[in-house]
Number of protein chains: 2
Amino acid sequence: MTDRLPHPPRSGAADDTLRSDAAGNRDRILDAARALFVSRGPDVPMREIARHAGVGPATLYRRFPTKRDLVAEALADRMRACRDIAEEGLADPDPWRGFRRVIERICALHARDRGLTEAFVAGFPDALDLAAGRAETLRTIAELARRAKDSGDLRPDFVLADLILVLMANKGIQAPTPAARAAASRRFAAYVVQAFRASPDHTPLPPVAGPL
Amino acid sequence: MTDRLPHPPRSGAADDTLRSDAAGNRDRILDAARALFVSRGPDVPMREIARHAGVGPATLYRRFPTKRDLVAEALADRMRACRDIAEEGLADPDPWRGFRRVIERICALHARDRGLTEAFVAGFPDALDLAAGRAETLRTIAELARRAKDSGDLRPDFVLADLILVLMANKGIQAPTPAARAAASRRFAAYVVQAFRASPDHTPLPPVAGPL
DNA sequence: CGTTAACCGGACGCCCCCGTCCGCCTCGTT
DNA sequence: AACGAGGCGGACGGGGGCGTCCGGTTAACG
């Protein structure tokens with residue numbers, strides 16, 4: 001109980017006390033995972049990622065015991081991109097233009113790999129990095145939405161859950177090639193922006209949650 | 001070549017020269033398939049459907065050699081419902097109101113079971129019944145859209161592919177319970193209607209297909 | 001340059017799903 | 001009542017993904 005451990009219990013963060021080959025493999029695994037998530041969706045077998053990275057399955061599982069760990073690490077920078085997009089939108093002097101660009105850019109980002117959308121929708125509570133990034137992004141967008149409502153451009157009955165709704169819907173868009181999917185998502189985002197825009201005749205929106 | 005066959009080559013339609021127990025089993029298989037497609041999505045294993053119907057796997061496979069056959073037969077009435085919805089919309093004296101109702105009702109229908117959406121999006125060329133129903137539905141909606149554009153209520157840059165886009169997006173909507181999914185889809189459909197409505201400031205829409 | 005501990009990947013066993021074959025059973029008819 | 005064609009479901013072999021163990025290998029350090 002009182003023994004001093006030869007290695008301090010590795011904190012959750014990426015341990016940089018990794019042997020050089022191990023670190024290289026780790027990076028290659030992450031690269032392969034990112035590439036495959038984009039090209040073949042988030043359901044690629046772990047095996048496939050390992051093969052593509054040129055390592056054995058054991059190495060992959062040792063470094064990332066569960067697929068969620070791998071996804072979390074692989075998607076960390078995308079999540080940061082989401083945060084940046086939201087903050088750039090908030091920085092726009094015109095709240096509505098900022099909001100609009102946020103919708104367009106986030107849809108485009110999420111059209112690239114759907115794993116990010118899953119992280120956003122489910123917001124899995126493990127993977128703290130992702131959850132934190134998600135929360136901060138949503139907070140920023142909420143503030144942006146408030147300002148856009150105040151300026152009278154965003155419809156007042158918009159709620160933040162509608163953004164999740166749009167991202168889920170965006171995830172459903174399929175196309176034979178990544179380029180086609182991007183184009184379809186772009187058009188979809190344009191429609192969404194139109195739908196969110198305030199309009200003199202505001203037919204009331206159905207409630208977010210169904211009747212209890 | 002000139003022999004008269006004891007049984008005429010069974011036409012693609014459901015053969016009614018089926019022994020009574022076989023017919024009963026066939027119906028129970030279809031009921032089980034419909035129920036499971038709704039409650040657990042279109043990816044339920046064939047085994048599960050057979051178990052739920054109280055028959056063995058062989059019986060299921062004998063009656064429906066491929067899963068696509070089963071899906072086609074199970075979804076035939078939903079597809080008919082789509083057709084009816086479209087025609088009722090076309091019958092509405094106000095084209096825009098008809099169009100709007102078609103969007104709402106078709107989204108609701110497709111929110112119930114996603115298998116129908118797959119049939120609509122992919123429009124698989126086997127399963128002739130489904131393909132025919134899909135084609136007729138789309139033709140009717142195209143005509144309705146033309147009228148709604150003429151009346152100035154539907155934005156002129158709407159194309160029929162946008163309906164497919166919306167259905168794909170609708171398919172992406174997830175929720176813990178069927179009721180919640182229905183509610184979310186309802187709200188989504190309302191947004192879509194708003195997006196499709198003609199507006200004085202028509203910011204140009206991104207093209208349907210991306211740059212070549 | 002030698003030692004050692006960490007790392008590597010091939011191989012294993014498990015489970016689930018798929019599609020098919022075969023011996024028994026049952027409906028429909030004579 | 002008895003027959004036979006058609007139907008039935010249990011059982012089989014194949015394939016693929018998953019998560020883990022172990023003997024060989026290699027980086028790191030004295």
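Quick note on labels: first sequence line is chain A, next is B, and so on, each numbered from 1.
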Do any N or O atoms from the side chain of R28(B) and from the backbone of A53(B) form a donor-acceptor pair under 3.5 angstrom? yes
Testing dC18(D), dC8(D), dG9(D) for proximity to the side chain of A58(B), the answer is dG9(D)
Length of the CG-C1' vector between L70(A) and dG19(D), whole Å: 15 Å
Roughly how many Å is it from CG in L60(B) to C1' in dT20(C), rounded to a whole number? 13 Å
Taken to the nearest whole Å, CZ/F64(A) to P/dC18(D) is 16 Å
On the nucleotide dC8(C), are OP1 or OP2 found under 4.0 Å from the side-chain N or O atoms that N25(A) carries? yes
Quick one: on DNA chain D, does S20(A) or E48(A) contact a more 5' nucleotide (nearest heavy atom)? E48(A)
With a 3.5 Å cut-off and just heavy-atom distances, do the side chain of R19(A) and the base of dA28(D) make a donor-acceptor pair? no
Check whether any side-chain nitrogen or oxygen of T59(B) sits under 4.0 Å from OP1 or OP2 of dG7(D), and answer yes or no. no
Closest contact, heavy atoms only, I141(A) versus A86(A): CG1-CB, 3.8 Å
Which part of the nucleic acid, if any, lies within reach of G24(B) when heavy atoms closer than 4.0 Å are counted: base, sugar-phosphate only, or nothing? nothing
Test for a donor-acceptor pair under 3.5 Å between the base of dG19(C) and the side chain of R62(B), counting only N and O atoms. no
Using whole Å, report how far CZ of R63(B) lies from P of dT20(C). 15 Å
R101(A) CZ: over 12 foreign heavy atoms closer than 6.0 Å: no
Closer to the 5' end of DNA chain C via nearest nucleotide, is it V55(A) or R51(B)? V55(A)
Is there, by distance only and without an angle test, a donor paired with an acceptor across the side chain of R47(A) and the base of dG19(D) below 3.5 Å? yes
Considering only dC8(D), dA11(C), dG19(C), which nucleotide approaches the side chain of A22(B) most closely? dC8(D)
Note: P42(A) and E118(A) closest approach over all heavy atoms is CG-OE2, 3.8 Å
Please report the closest heavy-atom contact between F196(A) and W96(A), naming both atoms and the distance. C-CH2, 4.1 Å
Interatomic distance where CD1 belongs to I29(A) and P belongs to dC7(C) [whole Å]: 12 Å
Send over the distance from D69(B) CG to dG19(C) P, rounded to a whole Å. 11 Å
Spacing between D21(A) atom CG and dC29(D) atom P, to the nearest angstrom: 13 Å
Rounded to whole Å, the CZ-C1' distance (R40(A) to dG17(D)) equals 13 Å
